[in-house]
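Just the heavy atoms: all of them, side chains too, but no hydrogens, waters or symmetry mates, feed the values below.
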Amino acid sequence: MELLSGNEAIAQGAWEAGVRVGVAYPGTPSTETLENFAKKEGVYAEWCTNEKVALEVGIGASAAGARVLATMKHVGVNVAADPLFTAAYTGVNGGFVILAADDPGMYSSQNEQDSHFYAQAAHIPMMDPADAAEAYAFTKAAYDLSERFDVPFFIRSSVRISHTKTPVQTGERAEVELKPYESNPQKWVMMPAFAKPRRKVQLQRDAELAEWAGACEYNKVFQGEGKLGIICAGAAYQHVSEAMPEASVLKLGVTWPLCPQSIRDFAASVQDLYVVEEGSDYLTQAVRACGVEVAEFPCGLPRDGELTPGLIRVAFGKEAPEFTDAPANLPGRPPALCPGCPHRLVFKELARAKAIVTGDIGCYTLGALPPLSAMDTCVDMGASVSMAHGFELALEGTEHRPVCAVIGDSTFGHSGLSSLISTVYNRGAGTICVLDNRTTAMTGRQGNPFNGQTLQNRPSRELDLEGVVRALGVEDVRTIDPNDMKAVRTAIKEATRSDELSVLVFRSPCVLLDRTRKAPYLVNGACTGCGVCTSLGCPAIARDPESGLASIDTAQCIGCGQCAQYCGFKAIEQMEGAR
């Protein structure tokens, strides 16, 4: 018996099922799954440039006869949607399982979405574990099911499943032989003439899957004391069982396809039937499509964010559990860039230049928050470059603020390159700032093509970022030390005044890659309380609310010296001696 998180359990289940190949692009809350899988014996695992590529690598490995695990967060499924839908036509050779990790509450995501809709739209069966033990068992079983029905299987998790640890009874690895590959264009070449008959295969498979779902062991009924019935799945089941212990519950382990007769049978056994789900009406509408009436909650169930037992009790008009409010005078702790972060001065200077900044997905998105307040947009991976081009097109011929895109090195490899190619091809202008901190920082410092570090530390190639950009046709490409305020200011000033497209590569390692600290800085008696240093937003710098004088917390300061470059009164000086 081991105590595993849902992510660890999925990795363990895949390994025991004989999976040979694991592919992913890191994204919270899914990241640790492939990281744990990669540590196991007899497997190959890699970070791909993006989720679409990962899924395509997985389809190829499955076609060749290997069992495959692909992992991604919910917005990653968007990126992978193109091959995903066609994979439901081609089917598999070796079993293929895809983890879709949803993020109700948007703890680390730009939106909430329910991956159940992808299962329904793509005709790919989905299993919903309610804890780590089920995550392990469902994943392990999904490989046999994938090969039995000739289709990839989804495992859906959410933050609570991915990151909560529960006991799991693990086992030994099954060595599964590579299935022989036989050339079969009618199955694998999805041109219209071959795709049409595969569509009929898909529809027949849907009927077989629905019949299987009605008899499988993964959908369970828990009989309660009264006549109130609840249908739920995944993490919501844990909340329902705590909030409404008297209710009868149909816990769905398979959420697509549903077996209409099973739904109707459960509905007939209760007087009032409710559906409890997070941030979506997928399950509610699916139950109603079975011809079953779903009751409305007396006090309404939230349509956004994570559910809790208290919210569920309130929805049913019951008293919520007591809890203690946080003290009113507790200071806020808004997220901020780390002390010494190499991105900080770039945002400071972009704000100083009054630039319109189209941002991207990464820890540098924090540049949008006060006091830096230097990012205007953030939509999805790679959008910074495309949106900057859109701004330039709309503002062409007018007097306007400079337009700058900000994107990280990993995100640039993920989807920024294709956006840049389009901008160069269409002779776009503007300034693109690539914040190259030598890692994929936000999700835990994973490797990427531009730092050349692979998931399993295999020999690799570190791609030449500037060389790639020049090869695309960008002539103004510069590399700048982002910790040098004057160099950053000069580069942004010159690039934004140019009529040509400029790419500025701000290269300095993430401070979390090297924990070595220099001697910290202190504020001396020359401080006038001007507040310029605190406008950097460094967590190590504070300002007295009465006097306005600055101070530096030496326990947090890493000795980067960024603040000293902005002090016109020489009031910030470095202590003698290294730590």
Side-chain angles (χ1 to χ4, degrees), residues 25 49-50 337 341-350 353 355-368 374-389 391-392 402-424 428-442 445-453 462-484 487-496 498 500-510 513:
Y25 180 83
T49 53
N50 60 43
L337 296 172
C341 175
H343 304 330
R344 182 169 278 109
L345 301 194
V346 177
F347 284 115
K348 177 67 175 175
E349 291 305 314
L350 287 170
I356 298 171
V357 179
T358 56
D360 227 297
I361 305 297
C363 53
Y364 48 85
T365 311
L366 296 171
M375 186 179 289
D376 294 276
T377 70
C378 179
V379 175
D380 69 342
M381 303 279 277
S384 57
V385 180
S386 308
M387 290 184 67
H389 181 51
F391 266 91
E392 291 283 1
V403 178
C404 297
V406 171
I407 187 169
D409 50 320
S410 180
T411 311
F412 189 60
H414 178 284
S415 46
L417 273 169
S418 56
S419 296
L420 179 60
I421 291 170
S422 183
T423 300
V424 173
T431 302
I432 298 169
C433 302
V434 181
L435 306 185
D436 183 1
N437 63 359
R438 317 307 297 152
T439 191
T440 310
M442 183 175 66
R445 303 181 299 283
Q446 291 80 22
N448 67 64
F450 293 116
N451 69 14
Q453 296 177 354
E462 178 181 333
L463 299 190
D464 178 358
L465 197 157
E466 292 88 342
V468 169
V469 173
R470 289 190 180 96
L472 296 180
V474 181
E475 296 180 359
D476 184 12
V477 183
R478 314 182 203 183
T479 306
I480 304 102
D481 178 1
N483 296 298
D484 184 338
V488 172
R489 181 175 295 178
T490 299
I492 291 175
K493 181 179 180 180
E494 292 177 354
T496 55
S498 170
E500 299 299 318
L501 179 66
S502 299
V503 174
L504 306 179
V505 180
F506 295 97
R507 178 171 292 126
S508 183
C510 170
L513 292 179

Other residues, nucleotides, ligands: >12 heavy atoms within 6.0 Å of Glu462 CD: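 Yes, CD of Glu462 has more than 12 neighbouring heavy atoms, counting only those of other groups under 6.0 Å.
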
Atom of Thr358, atom of Ala388 and distance for their closest heavy-atom approach: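 Heavy atoms only, the tightest pair is OG1-CB, 3.5 Å.
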
Donor on one side chain, acceptor on other, Thr411 and Tyr364, under 3.5 Å: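 Yes, Tyr364 and Thr411 have a side-chain donor paired with an acceptor closer than 3.5 Å.
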
Side chains of Thr439 and Gln446, donor plus acceptor under 3.5 Å: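 There is no such pair (donor and acceptor under 3.5 Å, judged by atom type) between the side chains of Thr439 and Gln446.
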
CD1-OG1 distance between Ile356 and Thr496, expressed to the nearest 0.5 angstrom: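 Rounded to the nearest 0.5 Å, the CD1-OG1 separation comes out at 12.0 Å.
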
Residue pair Asn50, Ser415: steps toward the side-chain hydrogen bond (donor to acceptor under 3.5 Å, both in side chains) verdict: CA-CA 7 Å; Asn50 60 43; Ser415 46; over 6 Å; no

Step-by-step side chain to side chain contact (heavy atoms under 4.5 Å, CB included) determination, Arg507 to Arg438: CA-CA 8 Å; Arg507 178 171 292 126; Arg438 317 307 297 152; 3.5 Å; yes

Donor-acceptor contact below 3.5 Å, side chain Ser410 vs main chain Thr440: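 No; judged by distance alone, with no hydrogens or angles, the pair does not exist.
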
Set of residues satisfying side-chain hydrogen bond (donor to acceptor under 3.5 Å, both in side chains) with respect to Gln453, sequence neighbours excluded: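 Partners of Gln453 under the side-chain hydrogen bond (donor to acceptor under 3.5 Å, both in side chains) test: none.
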
Residues forming a side-chain hydrogen bond (donor to acceptor under 3.5 Å, both in side chains) with Thr377, sequence neighbours excluded: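 side-chain hydrogen bond (donor to acceptor under 3.5 Å, both in side chains) list for Thr377, sorted by chain: empty.
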
Step-by-step side chain to side chain contact (heavy atoms under 4.5 Å, CB included) determination, Leu435 to Phe347: CA-CA 10 Å; Leu435 306 185; Phe347 284 115; 4.2 Å; yes

Under-4.0 Å salt bridge between Glu349 and Arg344: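 Answer for the salt bridge query: no.
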
Evaluation steps, side-chain hydrogen bond (donor to acceptor under 3.5 Å, both in side chains), between Asp409 and Asn448: CA-CA 8 Å; Asp409 50 320; Asn448 67 64; 3.3 Å; yes

